Q: 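Once you've had a glance at the structure underneath, I'll fire off some questions.
Keep in mind it's a predicted model, so treat the numbers as computed, not measured.
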Amino acid sequence: MAITGTQNPSQVHRIPQSKYIDGVRWLPPVSAFDRFAAIAYFDADSNSPSIEIHYLNTNPQDPSPVLDPQSSWTSPSRISSLKTAQSTPQPLLAAATFSGSLHVLAPDLINGGAIESKASIEDTGFHSGPVAAVDLRDGGNECVTVGDDGRINLVSFSGNSWYRRFFDANGLVGYSAVKWASPTEFVTGGYGFGLQWWDQRRPGGPVSQFKGNWTQGKTSGIVHSIDIHPSRKHTCLAGGSSGTVFAWDLRAQQQPIVLSGAGTGEAAAPSLSESDVWEVQYDRFTRSSNISNMSSARILPVMICSEDGILAVIEQGEEPIELLAEPCAINSFDIDHQNPSDVICSLEWESIAILTSSRSSSTRLSRGSVQLPRFNKVGNALKLSSTQAISGFSSLVSQKLFSSTPPPQRLQSLTVFAAKGYKMKTHKASAKRFRVTGRGKIVRRRAGKQHLLAKKNTKRKLRLSKMHPVSRSDYDNVIGALPYLKVNRKAK
Amino acid sequence: MPGVSSDTSGGALAPFSPESQGAAVYPLHHGLKSPISRLSISWSRGNSLRVSVFAAPSDHSVNEEAGGKVVEVKLGSGDGEISDSHWRRIAYDSVSPFALLQSRKNAASSFSKMSMNSSPYDVDWSEYSKDINALLGNQKSPPAPIIDDPKSVIKKGEEPTSLKAAWELLEMFYAEKPSQSWLPERLVDWLAGYDSLFSGTHSTVHSKLVDFQKELVNLQVVEDDPRYWEVISSALAVGWLDIVVKLLRLHGSYRLDQLSNRETENGLVEAVAVLISKMPRMRLEQEDGILGESFKAKPDFVKALEKWRAHINKLDSSAFWFQCAHQQTREGLRSMLQIMLGNADSLCTATCHWIELYISHLLYIRPFTVGLESMYNLAQKCIQLKPMASADRLMQLIIGILGENTEVVLAECSKGFGPWMVTHAIELLTAGSDHAEMLLHEEHKNLGGISIEELYRLVYAQVLSSHPLTWQIAPIYLASCMKQGMVLLQILLSKQPVQHNQLLLKNIEICRLYELDSITSNIMKIAGVYHWKHGRKGSGVFWLQQARDEYRLNRIAQQLFDSVGKTISDESFKQWEGLIQLLGSESKTAGGLEFLHKYRDFKKSLQQIHDGKTTDASRQAVESLITLMKNPSTPQRFWLPLLYDSLKLLNWQDHPLFNVSQTNLLLNKLQELSMARLRPGFIEPDLPPHALDSVRLALATNLGRAILEE
């Protein structure tokens, strides 16, 4: 775990692979010091897909981590969706394939990572065509699969595995993403930015539906990924085509909170990217800047990855923070739940990027990212304009900018009394005679209550016993004597 | 394979003849027993062939033998030393430097057009070249062992590849123009890195050293072995001074027990070693681990060289040689001195390959060789002295470069190293050279009006696009081709498979980047039809909607209505909900499917009437019925079921819901319908036989009541 002790707040390690990466996930650790990742490969040369368990080897001397392959499992078809879940004794891995099968694997991380197939459903009636997405319930023995064919299947694999068709839209509707919201509820996403909320106890149709028509038909797209924060189950976060990231609050039925992209003109959120957002996840690492007055309606920080090679954190009403700008697409990423500062991403050009950063710092810019100037967005991908000019330039420049700029130090707004380094002394006699009220006024005692009190009436003595504000014209004198007095000259 | 016994050799496609050198035989394991009747060959992904083998249809086809088989044959293993995945890595990584260079070039050219002064955007070829060089693999030596083995002479680094060697050559000669006078030393370094590449076909100094290294462990007295001296002088000839010094220090006279009685001998060995490590060299900067004294300026170097040579001469003619008792040492050391003095014969005997001889000439005889012409002449001389049996691709490239013939260089690059090399090397060749630039940018009629540069780029882009993983970077190269690039790009994008959404979206994204809207909509249409055909109606409709393809939407609407007619009336209507929501309320994008949306509204209000909510619901139902009947997109066969469904509305108890004009419209439609029934091809709706009559009766009643009402 040399990662946490490193000096540099953020490090990006690109590890080239020799195969295409269909999916990548962290595996829930079995012990505190071992880090494992599950990677779904597709070897285009031999046309063979596989899932491999890799051990993340971080050498204290060598800053770049190494992925050590532990074990491999050959899949019958390419992996379309890969999910992991915590379970005892072994973590579980659900892999859905393009041929419409589902495989639940249990890698034995303690003894060399041998992969044991726990359940495998290759029934032709399971899904026709590819399974679009799968989600594994944390801890439970159940997962849900959806597909373009409009089927929603619940797979249970405690004891002997079986599946049950929860809903079949007969292809009239297709689903492309799914996420558990609670042990009985889940959310699906599909075409036209539609989201559906399902409840196992109420089969036959979605409990609640969200229509993605806030753009008035100008643009439309597909939801690629959904995330639900465990502490805010009423809000579904979804990312999809044309850089769209939005949140659907079940309590505000048809009004989405658009975080990025595809905005409706005047209320357009700052658009980070115009290409597909492949994955969204709540970023548990980036602390919100004003966490104290955060209402439950506010969306927590969200990490996204997109087709034009951007990994970024966006927050409602804030400028997005770019963590990574690659020349190729970032197809998926996963945030380590136990160690949320670490992110693993799969890049289009057959490589894996691992982002690590120190956990100690908890400021907003702690991942060491740089707020990039706007010119980065002009042509983020290797774009060709009509004058035949390739401008891969901007994204490359931004990459160079990333190298190691230290996070900007915020200057404290302290009043500097003496610039030269010697302090002013307090006039001790005055310090005993004046004090400052909570509002910043200077007060003093009144004179005439020492002796000859017999001739003064009670009201007068009472009046003289109270503190009295110092006249404004005397302020300069008092402050001159007491330079460290916290005076507010404008206090009324 | 079990079934193949007799015709394994018969499976070979090409007749094998030992004369034709390039012919390769690829055995086909098809496993078919019966004689093959037909063969079909087509290209598959990458450079593999797909061979479909059909067996002759046999009469007794009772056994479950396959009637044919499809076999993929991978043609050629490409470059032997670079694997496919490594090639892909090179292709990926070279995109960024290439794109960066192109944009710099464009910026520079546009700037120089605007103002004729020298532009601030100087195109930096050397940066590009270094980027490419770095991605070809960096020769990082493994961390040095803590205990240095005195007997290990050669360090084992990363295996050098000829691709990198070739790139470095090009870099040396084209990208680093100003360093001409350091060129000989650069060549020495180059050879030190890549001499092992020639060991496969010829004996080289490197291979000699490797062989000797193996024996070194077993040798007791090194200096008695003639090969020891041979290897030392060879290494000296090609300028690997550190190895020479290291070997010299293995000399027996350094041993403590012999130091006393071999003092003179040891002194001579040490003197030579010191001389070697003091050799003046013309280098840009002093590097660690390289022996010799570096000089940047020529006059200093000349002075130092003469001084050094004088030292050697002095040593050569000294009297100590007679006191040296060991004959091998004496002869070996003196031959080394001869090499250092630049004796052509001893250089010739010490080296193996012509390039080594060439390098030694550059080092010891003509260190001031400048200009490609003189270098070329020298190379020719060396080749005559040490003729090659077979020409290595690197050697061909060197001769081409020295001969200042751009066409030969290009041809050698493309022959020896493939399209990647040519495409990226062209950038270097044109660097600063007007002649080459003219040659490469000249438009040729016989190439269809494109330049050589564009031709090679197109070829490379074709190679890229043939692989499912690299096709995404082909657009960057295609886009840099002025003439044919865009057309080929359009073809490439339209040909991509649409089965998987992710790939499809990536494709569309590229279209968006290059503003190819027509291709986008074409792809979407193809995807829509694909999904529709595979029963994924929702996806199909979505993509067709995205493509704004009203024609196809109308067509598939007809098909959809068939199933609507059967199912929509009962509870399974709920299933349609999702699709209807997807369609949205915009009539423009939905095409014929707009009907569904209205029908849904109508059904909903009818349902409400059944549930008991009457007043508002009935009015709504009437409105939606009228809009449905007015709308031309409502198919005729739905008219009667619609009217039949709304019988309850027509026979409304309290007051007539339809006014006169509305009733007239419905009556007209009904009339039209009964006329249409007479025509052939009319589909009778699945309704009770008296439906038409009852509707007509109800309409008539309603008309009467409406007239009365008014």
Side-chain angles (χ1 to χ4, degrees), chain A residues 16-20 44-45 80 98 128-130 132 148-150 168-174 176 190-192 194 196 204-206 209 211 213 216-217 220 222 224 241 274-276 278 307-308 327-329 331 348-351 381-393 396 399, chain B residues 45-46 74 83-86 88-89 92-93 95-96 98-100 102-104 106-107 110 467-469 472-473 475-476 479-480 482 485 499-502 505-506 509 512-515 531 534-542 545-546 574-579 581-586 588-589:
Chain A
Q17 310 286 309
S18 58
K19 299 171 222 168
Y20 190 80
D45 296 330
S80 58
F98 279 128
S128 76
D148 255 355
D149 53 354
D168 191 352
N170 289 321
L172 290 173
V173 186
S176 54
Y191 292 94
Q196 298 85 26
Q209 283 204 53
K211 275 187 270 184
N213 55 0
Q216 271 97 41
S220 182
I222 308 172
H224 294 314
S241 307
E274 285 178 27
S275 15
D276 290 88
W278 289 123
E307 171 68 24
D308 53 3
C328 63
N331 286 333
E348 177 75 18
W349 290 350
E350 297 172 56
S351 50
L382 301 165
K383 182 195 183 290
L384 182 92
S385 73
S386 53
T387 52
Q388 312 281 333
I390 296 185
S391 61
F393 181 60
L396 294 164
Q399 245 176 294
Chain B
R45 295 167 306 119
K74 192 138 199 194
S83 65
D84 279 355
S85 59
H86 191 194
R88 284 205 302 278
R89 171 70 35 209
Y92 293 141
D93 290 347
V95 169
S96 304
F98 180 80
L100 187 62
Q102 295 300 322
S103 71
R104 291 255 175 92
N106 282 322
S110 63
H467 196 277
L469 295 185
Q472 283 187 58
I473 53 180
I476 290 154
S480 65
M482 304 287 174
Q499 282 93 321
H500 298 315
N501 265 343
Q502 204 189 19
L505 288 164
K506 281 176 193 290
E509 168 76 11
R512 188 179 69 83
L513 284 178
Y514 293 100
E515 287 158 5
H531 283 299
H534 283 77
R536 297 189 280 274
K537 302 188 183 71
S539 324
V541 167
F542 172 78
Q545 247 186 313
Q546 290 286 301
K574 230 179 178 176
Q575 291 204 337
W576 290 84
E577 194 66 33
L579 183 66
Q581 285 213 346
L582 183 65
L583 289 171
S585 47
E586 297 278 308
K588 200 167 47 186
T589 50

Q: Rounded to the nearest 0.5 Å, how far apart are CD1 of A:Ile222 and CG of B:Asn501?
A: 4.5 Å

Q: Which region of A:Gln17, side chain (C-beta onward) or backbone (N, CA, C, O), has a non-hydrogen atom less than 4.5 Å from a non-hydrogen atom of chain B, or is it both or neither?
A: backbone

Q: Please report the interatomic distance CG(B:Leu513) to OG(A:Ser275), rounded to the nearest 0.5 Å.
A: 7.0 Å

Q: For B:Lys506, enumerate each residue passing the side chain to side chain donor-acceptor pair (under 3.5 Å) test, keeping only those at least two apart in sequence or located in another chain.
A: A:Glu307, A:Asn331, A:Glu348

Q: With a 4.5 Å heavy-atom cut-off, do A:Trp278 and B:Leu505 have their side chains touching?
A: yes

Q: Heavy-atom cut-off 4.5 Å, strictly under: side chain, backbone, both or neither for A:Ala132 against chain B?
A: neither

Q: Considering all heavy atoms of both residues, which atom of A:Ser18 and which atom of B:Arg88 are nearest to each other, and what is their separation?
A: O-NH2, 3.0 Å

Q: Working to the nearest 0.5 Å, report the span between CG of A:Asp276 and CD of B:Gln502.
A: 9.0 Å

Q: Closest heavy-atom contact between A:Glu350 and B:Leu469?
A: OE2-CD1, 3.4 Å

Q: For A:Gly129 and B:Arg536, which heavy atoms make the closest approach, and how far apart are they?
A: CA-NH1, 4.1 Å

Q: Taking all non-hydrogen atoms of both residues, which atom of A:Gly192 and which atom of B:Phe542 are closest, and how far apart?
A: N-CE1, 3.6 Å

Q: Under 4.5 Å from any heavy atom of chain B, what part of A:Ser351 do you find: side chain, backbone, both or neither?
A: both

Q: Under the ring-ring contact (aromatic ring centres under 6.0 Å, His included) test, which residues partner A:Phe98, sequence neighbours left out?
A: B:His500

